[in-house]
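The analysis underlying the following values was restricted to heavy atoms, covering all of them including side chains, and did not include hydrogens, waters or symmetry mates. Below, read A as the first sequence line, B as the second, and so on, with proteins coming before strands; counting in each chain starts at 1.
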Amino acid sequence: MSAPQGSFEAARLEKLHAIEALGLDPWGGRFDGHQSITTVLALPADLPEGQRPRVRIAGRIVSRREGGKVHFLDLKDWSGTPTFREIKGEREGEVEKIPDLSSRIQVMVGQKQVGETGWQLAQQLDLGDLLGVDGAFGKTKRGEPTVFADQLTFLGKSLLPHPDKFAGLHDLEHRLRHRYLDLVHNPETLDRARKRIRIVQTIRRFLDERGFWEVETPTLHAVAGGAAARPFITHHNALDIDLYLRIALELHLKRLLVGGIEKVYEIGRVFRNEGISPRHNPEFTMMELYQAYGDYHSMMDLTEELIVACVQALGGGMKLPYGEHLLDFTPPWQRQTYAELFERHVGVSMHDADAVRQVADREGLPTAGKDTAVLVHHLFEEHVEDKLLGPVFVYDYPAPLCPLTKRKRDNPAIAERFELYICGMELANAYTELNDPLTQEQTFRMQLAGLPEEESMAKMDEDFLRALRHGMPPAGGLGLGIDRLVMLLTNTPTIREVILFPLLRPEKK
RNA sequence: GAAGGCGUAGCUCAGUCGGUAGAGCAACGGACUUUUAAUCCGUAGGUCGAGGGUUCGAGUCCCUCCGCCUUCACCA
């Protein structure tokens, strides 16, 4: 430990021992019956002394103003609730969510009021310590809502100094490596975490109410299927086999459809051994659901309802800002076919193989040995995706891109699949599930020309095929990226901020 | 994986042309019973990300390495 930090810690250790010498536990203990600071702040504050409500609060000391015989502390807990502010002027009508700072409250500690031990304890308090306070709630002469303490209960020492009370904690790397400090000192971080929880709760409640069963399926897979991604590899010692961390939830959930669980979902972590970017973390959270006897149109309706429910749960109305954009989630959302979007933005029909190849050549895309569908999709990603402000359902995909999807009965070149785009991001992916084991086996065997196996969704999974052979009901299925949904609904530009502990390279030593 | 940018006290940041390492807050000692970025007096706090090089002299210029950010590639 370096000298200066050591001296900070030494000073605080001395105070810890002084607290022990008072007969108090410097690490605190059970503290029953305290009210949240938000609750206390809602109490009447203007009552005359003597009629003030008794309160008991607990929290962290985040600011301190010492006088000779009276100290003022600011205590903070987690009870602040998000509030909303209407934006005036140019962006009239927009709503911006702002973290409510009301989970801070001032405490007055007077020498006479807290008694001998209390006053000696007050001398040993540091920024960052945890403290319980009993007292009366009212206002100071300056009108500040305040708990006038008559009893202090020490609840925990902070041996290391916290970030500056005014300047706070801004360094991004520091915030990510010490997320606990970020949560304490940046209200928007706690607020974002709270909103994420609320979104996930809403999804669970929504699906539970509609009769879906939430299940848990294995994270360790013998075959990493269900998506096109490089897996992480791990090893099981007792069985002496390599296993993959799952890259999707799909194949196990479909096995459950075969097993008669007619509406099923899972919210869980998946792992993809690929690059890190503002939109990609190696582990992220997916929600996948499957509904027997549905199809991709029923999934579109469900997706729209589900996300609208999440938007409502945040309480900020149907129009949410995202960066420079204002996203309008008011249903119904646009629904456009892949083919029409392709033609509009690329300028040729996706069914015209020669024209597609010409455009790809002109733009310098490698075309040799590539399937036309692959070129089509490259052009789609290049020219269409970032124009999809949305929310917009893009449906009817080129079949070769979709090995797990049922083809249209009247046109086997088209798969019954949609993706939901918002702000150029793929947020959800859904299809009419392929339940025909014979076709499924063919698509597994048929490697897309020019695609290495690891980039293909078509990974042979014999056990899954055997399950299909026992009869899977026709079904609609949906995959939803939870992290990206949270990004969009909380106006957060990077995935690192919606994941509490994103992957960072370990610190050296 | 590639290119560009950044890294100075516990935190937030200055640091000119290469010439003694700085401020605010936090900390430590002292004064003060209604403060609120409290104030006042005083003290202490640094391997300038790490290592090497150029130079009389490097936080500053050069090289290598580490970490983070951005863009690209891969991908959702």
Side-chain angles (χ1 to χ4, degrees), chain A residues 1-12 14-15 62-74 104-114 119 122 126-128 138-146 148 158-178 181-182 184-186 226-231 247-248 270-288 381 385 419-421 424-429 452 454-455 457 479-485 487 493-496 502 504-509:
Chain A
M1 182 151 302
S2 61
Q5 184 162 304
S7 71
F8 277 113
E9 189 162 7
R12 285 174 179 237
E14 263 180 54
K15 292 181 182 172
V62 291
S63 178
R64 205 159 52 117
R65 296 168 293 284
E66 292 185 0
K69 290 174 180 156
V70 61
H71 294 184
F72 290 90
L73 308 174
D74 289 347
R104 284 171 74 126
I105 195 169
Q106 173 167 277
V107 174
M108 195 194 88
V109 180
Q111 181 174 19
K112 270 188 193 161
Q113 293 83 348
V114 295
W119 187 245
D126 281 312
L127 291 177
K139 278 186 180 171
T140 59
K141 287 176 189 167
R142 297 283 184 93
E144 177 77 12
T146 299
F148 297 89
S158 172
L159 289 178
L160 293 176
H162 278 246
D164 184 82
K165 67 181 178 188
F166 183 66
L169 181 63
H170 287 302
D171 181 76
L172 181 59
E173 184 178 356
H174 199 161
R175 286 177 46 229
L176 297 182
R177 290 198 191 277
H178 310 276
L181 292 177
D182 189 26
V184 170
H185 298 280
N186 292 314
R230 265 163 247 229
I247 58 173
V270 299
F271 307 84
R272 299 190 181 177
N273 202 344
E274 281 155 2
I276 295 175
S277 85
R279 291 178 177 191
H280 301 85
N281 194 61
E283 50 180 312
F284 62 103
T285 303
M286 286 271 292
M287 189 285 293
E288 287 193 27
E381 286 173 335
E385 277 190 354
E419 291 200 352
L420 171 64
Y421 280 90
M425 271 200 275
E426 294 171 52
L427 199 67
N429 180 23
E454 66 195 357
E455 288 179 27
M457 277 196 225
L480 178 66
I482 300 293
D483 313 272
R484 289 185 173 180
L485 177 64
M487 285 170 68
T494 83
I495 198 167
R496 279 180 197 71
L504 293 178
R505 205 177 279 271
E507 288 177 285
K508 59 180 173 179
K509 237 194 274 188

Next on the checklist: I want to verify a distance call: between B:U36, B:A76, B:U12, whose nearest atom is closest to the A:Glu144 side chain?
Outcome noted: B:U36
Checklist entry - Among B:C28, B:A37, B:A76, which is the nearest nucleotide to the side chain of A:Asp126? => result B:C28
Next on the checklist: Just the rounded figure in Å: distance from P of B:A37 to CZ of A:Arg104.
Outcome noted: 10 Å
Next on the checklist: Whole angstroms only, please: what is the CG-P distance between A:Leu181 and B:C11?
Outcome noted: 10 Å
Checklist entry - Which one is paired to B:U64, where only Watson-Crick or G-U wobble pairs with both distances under 3.5 angstrom count? => result B:A50
Checklist entry - Are there more than 12 heavy atoms of other residues, nucleotides or ligands under 6.0 Å from atom CD of A:Glu381? => result yes
Next on the checklist: Taking the C1' atom in each of B:G5 and B:A76, what is the distance between them to the nearest angstrom?
Outcome noted: 28 Å
Next on the checklist: Within the 4.5 Å heavy-atom criterion, are A:Phe284 and A:Arg484 side-chain neighbours or not?
Outcome noted: no
Checklist entry - In the strands shown, is B:A31 matched to any nucleotide by a Watson-Crick or G-U wobble pair with both distances under 3.5 Å, and which? => result B:U39
Checklist entry - Picking from B:G10, B:C28, B:U12, which would you name as closest to the side chain of A:Ala11? => result B:C28
Next on the checklist: Using a heavy-atom cut-off of 4.0 Å across all strands, would you classify A:Gly275 as base, sugar-phosphate, or nothing?
Outcome noted: base
Checklist entry - So do the side chains of A:Pro502 and A:Ile495 get within less than 4.5 Å of each other, counting heavy atoms only? => result no
Item to check | Length of the CZ-C1' vector between A:Arg496 and B:C68, whole Å | outcome: 9 Å
Next on the checklist: Categorize A:Arg64 for me: base, sugar-phosphate, or nothing, with a 4.0 angstrom heavy-atom threshold over every strand shown.
Outcome noted: sugar-phosphate
Checklist entry - For the pair made of NE2 in A:His185 and P in B:G10, what is the distance, rounded to whole Å? => result 16 Å
Checklist entry - Contact class for A:Lys165 (heavy atom, under 4.0 Å): base, sugar-phosphate, or nothing? => result sugar-phosphate
Next on the checklist: Side chain of A:Gln106 only, heavy atoms from C-beta on: which candidate in B:A38, B:C28, B:U36 is closest?
Outcome noted: B:U36
Item to check | A:Leu160 side chain near A:Glu9 side chain, heavy-atom distance below 4.5 Å | outcome: yes
Checklist entry - Do A:Glu66 and B:U35 have a side chain to base donor-acceptor pair shorter than 3.5 Å? => result no
Next on the checklist: Would you measure the distance from the C1' atom in B:C17 across to the matching atom in B:A44 and give it in whole Å?
Outcome noted: 33 Å
Checklist entry - Whole Å only: how far is the CG atom of A:Asp164 from the C1' atom of B:G10? => result 10 Å
Next on the checklist: Need one value for A:Lys15: base, sugar-phosphate or nothing, where a base atom within 4.0 Å counts as base even if backbone is also close, heavy atoms only.
Outcome noted: sugar-phosphate
Next on the checklist: Strictly by Watson-Crick or wobble contacts shorter than 3.5 Å, is anything paired with B:A44, and which nucleotide is it?
Outcome noted: none
Next on the checklist: Students often get this wrong, so: under 4.0 angstrom with heavy atoms, is A:Gly168 touching a base, only sugar-phosphate, or nothing?
Outcome noted: sugar-phosphate
Checklist entry - Can A:Phe284 be called stacked on B:A76 when the rule is centres closer than 5.5 Å and an angle between planes below 30°? => result yes
Checklist entry - Does OP1 or OP2 of B:U36 have a side-chain N or O of A:Arg142 closer than 4.0 Å? => result yes
Checklist entry - Reckon A:Leu504 touches a base, only the sugar-phosphate, or nothing at all at heavy-atom distances under 4.0 Å? => result sugar-phosphate
Checklist entry - Counting any heavy atom closer than 4.0 Å, what does A:Arg12 reach on the DNA or RNA strands: base, sugar-phosphate only, or nothing? => result nothing
Checklist entry - To the nearest 0.5 Å, how far apart are CZ in A:Arg279 and CZ in A:Arg496? => result 13.0 Å
Checklist entry - Is the closest side-chain heavy-atom distance between A:Asp164 and A:His185 below 4.5 Å? => result no
Item to check | Euclidean distance for C1', B:C13 against B:U8 (whole angstrom) | outcome: 9 Å
Item to check | Separation between the P atoms of B:A23 and B:G15, rounded to whole Å | outcome: 15 Å
Checklist entry - Taking CD1 from A:Ile276 and P from B:C72, how many angstroms apart are they, rounded to a whole number? => result 16 Å
Next on the checklist: Do A:Pro163 and A:His174 make a side-chain contact, defined as non-hydrogen atoms from C-beta onward lying under 4.5 Å apart?
Outcome noted: no
Checklist outcome for this item: note: A:Phe166, atom CZ; B:U35, atom P; distance rounded to Å ~ 20 Å
Item to check | Sugar-phosphate only, base, or nothing, as touched by A:Asn273 at under 4.0 Å among non-hydrogen atoms | outcome: nothing
Next on the checklist: Taking the nucleotide of RNA chain B with the nearest heavy atom to each, does A:His174 or A:Arg65 sit closer to the 5' end?
Outcome noted: A:His174
Item to check | Nearest listed nucleotide, side chain of A:Val70, among B:U35, B:U33, B:A37 | outcome: B:U33
Checklist outcome for this item: Of A:Leu127 and A:Glu426, the one whose nearest nucleotide on RNA chain B sits closer to the 5' end is A:Leu127
Item to check | Closest nucleotide among B:A27, B:C11, B:C68 to the A:Pro163 side chain | outcome: B:C11
Next on the checklist: Within the 4.0 Å heavy-atom criterion, would you say A:Gly67 contacts the bases, only the backbone, or no part of the nucleic acid?
Outcome noted: base
Checklist entry - Distance between the C1' atoms of B:G46 and B:A3, in whole angstroms? => result 33 Å
Item to check | No-H, no-angle donor-acceptor pair, A:Thr140 side chain to B:U35 base, under 3.5 Å | outcome: yes
Item to check | Rounded C1' spacing from B:G51 to B:C56 in Å | outcome: 23 Å
Checklist entry - To the nearest 0.5 Å, what is the distance between CZ (A:Phe148) and NZ (A:Lys139)? => result 11.0 Å
Checklist entry - On a whole-Å scale, what distance lies between the C1' atoms belonging to B:C61 and B:U16? => result 16 Å
Next on the checklist: Distance check needed: B:A37 C1' versus A:Asp74 CG, whole Å only.
Outcome noted: 11 Å
Checklist entry - Expressed as a whole number of Å, how far does the C1' atom of B:G30 sit from that of B:U20? => result 31 Å
